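Down below is the structure, laid out as structure tokens.
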Amino acid sequence: MKQIERYFYPAVFTYEPGQEIAVDFPDLKCATSGVNDDNALLSARELLGCVLYGLKEDAEEIPAPTPLTKIDTRPNERVVPVDVNMPSISGTR
């Protein structure tokens with residue numbers, strides 16, 4: 001069975017004045033942050049890769065991502081699809 005190489009998960013970016021951008025992955029129960037959109041996205045990709053790598057290493061089930069349209073947001077939030085290429089995380093091809 002071929003393993004998935006690229007994963008996409010929805011992340012909720014939350015914007016509060018004077019604070020870093022909070023990034024939450026509702027499907028994975030983990031969060032990070034960034035000082036701007038680019039930094040928040042980079043942090044989100046790194047976290048996503050680490051979490052998925054850990055789940056694979058521990059032989060735990062990787063949850064299915066929720067469709068972007070099913071994520072509820074507040075006015076100061078937006079849903080961002082975050083992707084990670086697992087061979088670049090695990091160092092394999």
Side-chain angles (χ1 to χ4, degrees):
M1 179 159 127
K2 185 176 187 221
Q3 292 197 0
I4 297 173
E5 292 188 2
R6 182 166 295 275
Y7 288 87
F8 293 86
Y9 275 85
V12 178
F13 282 42
T14 303
Y15 300 86
E16 295 290 345
Q19 295 183 19
E20 287 192 356
I21 300 165
V23 180
D24 177 59
F25 286 96
D27 296 316
L28 301 170
K29 310 283 190 269
C30 62
T32 187
S33 65
V35 296
N36 57 37
D37 280 321
D38 290 339
N39 182 253
L41 182 57
L42 178 62
S43 294
R45 281 192 176 129
E46 289 175 355
L47 178 62
L48 180 59
C50 289
V51 168
L52 294 178
Y53 181 78
L55 290 172
K56 282 185 169 197
E57 284 292 301
D58 295 342
E60 293 184 38
E61 183 178 340
I62 295 177
T66 300
L68 298 178
T69 57
K70 300 288 184 187
I71 303 287
D72 291 326
T73 58
R74 297 181 190 135
N76 65 328
E77 297 176 334
R78 70 183 175 110
V79 178
V80 176
V82 178
D83 69 312
V84 66
N85 185 13
M86 290 309 291
S88 68
I89 301 296
S90 62
T92 61
R93 289 253 167 215

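In what follows, residues are counted from 1 in the order of the sequence shown. As the structure is a computational prediction, the values presented were derived from the model and not from experiment.
- Annotation: side chain to side chain donor-acceptor pair (under 3.5 Å) contacts of Thr14 (sequence neighbours excluded): Glu77.
- Listed by chain and number, the residues in a side-chain contact (heavy atoms from CB on, under 4.5 Å) with Asp38 are Asn36 (sequence neighbours excluded).
- Atom CG of Leu41 and atom CG of Leu48 lie 10.5 Å apart (nearest 0.5 Å).
- In this structure the side chain of Glu61 never reaches within 4.5 angstrom of the side chain of Leu55, judged on heavy atoms.
- Shown here are the side-chain contact (heavy atoms from CB on, under 4.5 Å) partners of Ala11, two or more places apart in sequence or in another chain: Phe13, Val23, Phe25, Val82.
- The minimum heavy-atom distance linking Leu47 with Cys30 is given by the pair CD2-SG, 3.7 Å.
- Pairs engaging residues 18-31 under the side chain to side chain donor-acceptor pair (under 3.5 Å) rule: Glu20-Ser33, Asp27-Thr66 [sequence neighbours left out].
- More than 12 non-hydrogen atoms from other residues, nucleotides or ligands lie less than 6.0 angstrom from CD of Glu60.
- Among all heavy-atom pairs drawn from Tyr7 and Lys56, the shortest one is OH-CE, 3.2 Å.
- By the 4.5 Å heavy-atom criterion applied to side chains, Pro10 and Pro65 are counted as neighbours.
- Here Leu68 is tied into one hydrophobic group with Val12, Ile71, Val79, each link being a pair of ILVMFWY side chains closer than 4.5 Å.
- Checked against side chain to side chain donor-acceptor pair (under 3.5 Å), Asp37 has the following partners two or more places apart in sequence or in another chain: Tyr15, Arg78.
- Considering all non-hydrogen atoms of both residues, Tyr9 and Ala64 come closest at CE2-C, 4.2 Å.
- Contact record, Gly49 with Val84: CA-CG2, 3.7 Å, taken as the closest heavy-atom pair.
- For the side chain to side chain donor-acceptor pair (under 3.5 Å) test, no residue two or more places apart in sequence or in another chain qualifies with Arg74.
- Phe8 and Met86 fall into different hydrophobic clusters, where Ile, Leu, Val, Met, Phe, Trp and Tyr side chains are chained together by heavy-atom contacts under 4.5 Å.
- In this structure Glu16 satisfies the side chain to side chain donor-acceptor pair (under 3.5 Å) test together with Asn76, sequence neighbours excluded.
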